[in-house]
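First comes the structure, then the notes that go with it.
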Amino acid sequence: MPAAEPDRVPVPVPASGRGPDTLAVVDPATGQVFDEAPDERPDALDAVLARSHRAWHGWRADPHARTSALHAAADAVEAAGDDLARLLTREQGKPLAESDAEVARTAARLRYFADLAPTTRTIRDGRPVHSEVRWRPLGPVAAVVPWNFPLQLAAAKFAPALAAGNTVVLKPSPYTPLATRLLGAVLATVLPEDVLVVVSGREPLGARLVSHPGVRHVTFTGSVPTGRAVAGAAAATLARVTLELGGNDAAILLDDVDVDRIADRLFWAAFRNCGQVCMAVKRVYAPARLHARVVEALAERARTVAVGPGLDAGTRIGPLNNAHQLARVEEVTRQALADGATAAAGGHRLDGPGYFFAPTVLTAVPPDSPVVTEEQFGPVLPVLPYRSLDDAVDAANGTAFGLGGSVWGADPDRAEEVAGRLDCGTAWINHHAELSLAQPFAGTGDSGVGVAGGPWGLYGNLRPFVVHRPHAVHRPHEARP
């Protein structure tokens with residue numbers, strides 16, 4: 001599942017000028033405003049959360065109705081798929097095929113959680129008591145979603161929350177509110193009123209939402225600094241917190257790897273969605289004797305891949321989503337080049353309108369360069385040589401992040417042994433950034449707190465409720481049946 005929003009420095013989205021209660025939405029392929037969305041006031045959340053709490057009582061009461069409603073929701077998403085995908089590409093920038101896939105994943109996640117139910121467990125500990133562990137929903141959930149996968153990450157939050165019997169208030173990024181608001185409107189046709197509410201706007205709307213006393217669970221995807229602020233705000237109300245805060249995933253290539261065979265998979269593991277994926281490959285460690293071949297194989301693909309507007313046929317890589325992120329990618333690339341790195345491909349912004357940056361492969365990068373140690377979140381990939389496998393593992397584990405990692409080689413057993421040494425939440429062998437709906441998704445260190453995905457995601461939206469009942473004891477004066 002994809003991805004953290006690098007919002008280290010809050011950048012306001014410019015208003016369209018058509019009123020104080022709207023925010024402009026920019027097409028990243030042109031850099032121009034093409035639509036607007038409501039800029040909702042933080043004080044409106046009191047009424048929203050009150051309605052959400054009222055809706056919760058009915059929604060939590062009937063699991064069978066929830067299952068039917070969530071299946072209907074998946075059908076509705078698929079029926080609106082073309083409109084959702086095109087709007088998503090307009091505001092996010094990704095190629096239309098990737099938007100189609102994101103819509104499909106949104107529907108699939110609804111179906112998966114519709115059929116998932118918590119299991120009641122009986123505790124047998126030798127006492128004359130029947131102890132049963134049941135599960136109850138938490139209450140209204142605040143879901144705050146970034147701009148890289150607006151629909152998919154929204155569904156990753158609201159599908160398990162709704163399946164568990166909670167209601168959800170969903171806030172998209174100010175950069176990508178439109179497809180999420182359309183998704184909310186589509187789901188409103190099949191879900192009970194106020195079970196899922198979408199609110200859009202600038203700060204302090206998000207800060208008020210995650211600190212609101214009516215919220216019982218805050219689930220957030222974004223940057224580490226913002227995640228820490230979210231955790232602090234939620235602590236004031238003792239709300240449960242799930243934070244997915246990004247990654248700096250390393251790919252280690254072993255000395256028996258077939259470079260030509262893996263080059264395409266490795267390239268797209270790094271450059272899909274213009275590199276704006278939390279669990280994308282962001283660093284490659286290659287054996288010194290293979291380093292030049294790896295660099296050239298990746299650089300050749302970077303030089304020839306089709307870059308353009310996401311709605312154009314044939315586009316494989318679109319623009320970065322916003323001007324702030326383009327500036328961030330330009331800065332870490334400039335710093336690496338100033339420190340002695342060489343761009344085997346790219347290394348610069350593309351001429352013309354929009355937020356396009358040339359797919360970039362860097363070599364001779366100092367290991368302490370920010371493009372290596374931080375999450376660049378763009379189409380820039382440093383390839384670093386190693387002489388000792390121990391050194392490569394140490395380097396892969398040497399950042400504050402721990403979301404994912406991968407090992408690539410001809411011997412899967414050996415690669416798996418190396419992968420077991422990675423300090424991360426998910427390790428892949430000979431592929432990267434592929435997730436099943438049924439598996440947990442979590443990280444270590446600065447990559448976050450809590451677990452999403454699979455049954456773990458469902459139980460993260462529930463609390464245990466234990467019932468103790470003494471075993472029946474026959475008393476002599478009582479008549480036997």
Side-chain angles (χ1 to χ4, degrees), residues 1 4-5 42 45-46 48-61 63 66 70 73 109-110 112-114 116-118 133-146 152-173 180 184 187 191-192 194-199 205-222 226-245 440-443 447-465:
M1 124 147 94
E5 180 175 13
L45 291 174
D46 292 340
V48 170
L49 265 301
R51 297 198 310 271
S52 184
H53 192 273
R54 287 194 295 271
W56 175 51
H57 293 291
W59 180 249
R60 67 182 292 194
R66 291 201 301 272
L70 292 176
R109 203 175 295 275
L110 281 162
Y112 173 81
F113 282 105
L116 203 61
V133 182
R134 305 170 187 173
W135 296 91
R136 287 183 168 178
L138 302 172
V141 173
V144 182
V145 180
Q152 186 170 320
L153 288 175
K157 298 178 185 305
F158 68 66
L162 294 177
N166 303 295
T167 52
V168 177
V169 178
L170 171 63
K171 181 194 172 297
S173 165
T180 306
L187 295 179
L191 296 177
D194 295 325
V195 162
L196 174 66
V197 179
V198 179
V199 296
L205 182 67
R208 174 57 177 159
L209 177 60
V210 301
S211 63
H212 197 284
V215 168
R216 302 316 310 144
H217 178 198
V218 176
T219 172
F220 167 82
T221 299
T226 306
R228 290 194 175 110
V230 167
T237 63
L238 298 181
R240 185 177 297 183
V241 176
T242 302
L243 305 174
E244 197 273 275
L245 305 181
F441 183 66
S447 285
V449 175
V451 184
W456 299 267
L458 180 73
Y459 283 100
N461 285 280
L462 295 162
R463 63 175 178 85
F465 173 62

> Does the side chain of K157 come under 3.5 Å of the side chain of T221 through a donor N or O and an acceptor N or O?
Replying inline: yes

> Among R240, R216, H217, which residue meets the side chain to side chain donor-acceptor pair (under 3.5 Å) test with N461?
Replying inline: H217

> How close do A61 and P63 get, heavy atom to heavy atom, and via which atoms?
Replying inline: O-CD, 3.6 Å

> Looking only at heavy atoms, what is the nearest atom pair of A142 and L209, with distance?
Replying inline: CB-CG, 3.7 Å

> How close do A233 and V210 get, heavy atom to heavy atom, and via which atoms?
Replying inline: CB-CG2, 4.0 Å

>> Tell me the closest heavy-atom pair linking G450 and A442, and the distance in Å.
In response: O-CB, 3.5 Å

>> Walk me through whether L205 and L45 qualify under side-chain contact (heavy atoms from CB on, under 4.5 Å).
In response: CA-CA 8 Å; L205 182 67; L45 291 174; 3.9 Å; yes

> Between G460 and L138, what is the shortest heavy-atom contact and its length?
Replying inline: O-CD1, 3.9 Å

> With a 4.5 Å heavy-atom cut-off, do S52 and V197 have their side chains touching?
Replying inline: no

>> Going by the rule salt bridge (Lys or Arg N to Asp or Glu O under 4.0 Å), which residues pair with R60 if we only count those two or more places apart in sequence or in a different chain?
In response: none

> So, do V195 and L162 sit near enough that their side-chain heavy atoms are less than 4.5 Å apart?
Replying inline: yes

> Of the non-hydrogen atoms in L187 and A73, which two are nearest, and what is the gap between them?
Replying inline: CD2-CB, 3.6 Å

> Between L170, V218, T219, which is the residue that forms a side-chain contact (heavy atoms from CB on, under 4.5 Å) with V141?
Replying inline: T219

> Taking the side chain from R66 and the backbone from A163, do they hold a donor-acceptor pair closer than 3.5 Å?
Replying inline: yes

> Quick one: are V169 and P140 in side-chain contact, heavy atoms under 4.5 Å?
Replying inline: no

>> In the structure I gave you, are the side-chain heavy atoms of F220 and V241 within less than 4.5 Å of one another anywhere?
In response: no

> Can you tell me how far CZ of R54 sits from CG of L49, rounded to the nearest 0.5 angstrom?
Replying inline: 11.0 Å

>> Distance check, rounded to the nearest 0.5 Å: W59 atom CH2 versus N166 atom CG?
In response: 10.5 Å

>> Could you check whether T237 and H212, counting side-chain N and O atoms only, form a donor-acceptor pair closer than 3.5 Å?
In response: no

